[in-house]
Peer 1: 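Below you will find the structure I want to go over with you.
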Amino acid sequence: MKKLVDENLRFAVDQYKVMMKNTPADVMPRSFDKEKNQLITSNTKWWCSGFYPGTLWMLYGATKDTAIRSEAERRLALQEPMKLYTGNHDLGFMIYCPFGTAYDITKNPAYKEVILTAAETLTKRYRPSIRAIQSWDSSKNFRCPVIIDNMMNLELLEWAAQNGGDKKFHDVAVNHSNTTIKNQFRPDNSSWHVIDYDLATGNVSRKKTHQGYADESAWARGQSWGLYGYVTMYRFTKDPAYLWQANKIAKFLLGHPNLPSDKVPYWDFNAPDIPNARRDVSAGSIMASALLELAQYSKGKEKQEYVNVASTILQALASDAYRSPAGGNGGFILAHSVGHLPGNSEIDVPLSYADYYFVEALLRYKKWYL
Ligand code: GLY
């Protein structure tokens, strides 16, 4: 594993140097269109905008490569105005991933201020009647949707609360986590993607999917977000209920008959065309990173199983089956993710968050298990 981790970190730096050259100064890389041989970019309001700077900072932390750092600093400057963005619930991804990583490495107090401001902004989407953060604005499909992905944005709030921010950030994160445990999980510990609430009564209106195969299916990335989210909440709060929830999600995932032997999930655990269904590399890299942290809070056979599954995923992702060819895919590290299959969007493509959690998992492996 040491060889694999080191080689993949070197590969990642080389790829991101290709990406640096390809990416215009005012946008962020999002994916790559192989047929047109063209980088797909986004503006900074897109939920994924923070992953590129976040990955750059992780790679700088690992290698101290100054060209990577210069690009990482340029990208933080572009991203910073998003600390005031109230259009979605994704500020954890958009601000905490890049600025939290940058602060960890530099201890620059300006970065901390950005995180504290973003935490305040995110709480504007908190809805007291449902004791949760509203994920998306209401639309013709949903009135007050809360998606399982939202668990990922609580790290921003918990970190802010523990680093000089208002205690209400912690209260919001805890209420959101508890509401999610109450309403978002099925008896088999898989999660619904979207819970639509009635703000007037505080009741659940409907349990639906948006990106999964069916309302009652287990959309793979959603399961990974839930796992990662509860592991993170346990890290900050040490509340055993969150560890319990994370372990239950892990049991659902690792015991699922449709989890392939290389442990890289199909895009939905109930996709009708399994074993021919697309894999979702992003679901695999998020799951690997989360399992490596969950193993830190586990013992004996369970701990070993979590580390083993994470290393199986990392070995698969590092192979030619999933990794980009050197210099290819516009500089993305990994290929073969699925963004939104029912929306016919981003199917079997590189995605910035698959790369982010792959690099994070490599670094976690190096820090804790080598
Ligand atoms: N949070 C959106 C997604 O996972 O696609």
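We count ligands from 1, going down the list as the structure has it; atoms in each ligand are counted the same way. Numbering starts at 1 and runs along the sequence shown.
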Peer 1: Looking only at side-chain N and O atoms, does N8 offer a donor or acceptor that is under 3.5 Å from a partner on R323?
Peer 2: yes
Peer 1: Between the side chains of E71 and R74, is the shortest nitrogen-to-carboxylate-oxygen separation below 4.0 Å, so that they form an ion pair?
Peer 2: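 A salt bridge links R74 with E71.
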Peer 1: For ligand 1, is there an N or O atom under 3.5 Å from any N or O atom of D149?
Peer 2: yes
Peer 1: Give yes or no for whether the N/O distance cutoff of 3.5 Å, strictly under, is met between Q211 and ligand 1.
Peer 2: yes
Peer 1: Flag the pair K168 and E120 as a salt bridge only when some basic side-chain nitrogen lies within less than 4.0 angstrom of an acidic carboxylate oxygen.
Peer 2: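 The answer is yes: the pair qualifies as a salt bridge.
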Peer 1: For ligand 1, which part of M152 has a heavy atom less than 4.0 Å away: the side chain, the backbone, both, or neither?
Peer 2: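 Neither part.
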Peer 1: Nearest to atom 4 (O) of ligand 1 by heavy atom, E346, R221, H210: which?
Peer 2: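 Answer by nearest heavy atom: R221.
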Peer 1: Assert yes or no for the condition that the ring centre distance of F51 to Y356 is strictly below 6.0 Å.
Peer 2: yes
Peer 1: Does ligand 1 have any atom that is closer than 4.0 Å to a heavy atom of W136?
Peer 2: no
Peer 1: Take the angle between the ring planes of W225 and Y357 and call it parallel below 30°, perpendicular above 60°, tilted in between.
Peer 2: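 Rings of W225 and Y357: perpendicular, as their planes differ by over 60°.
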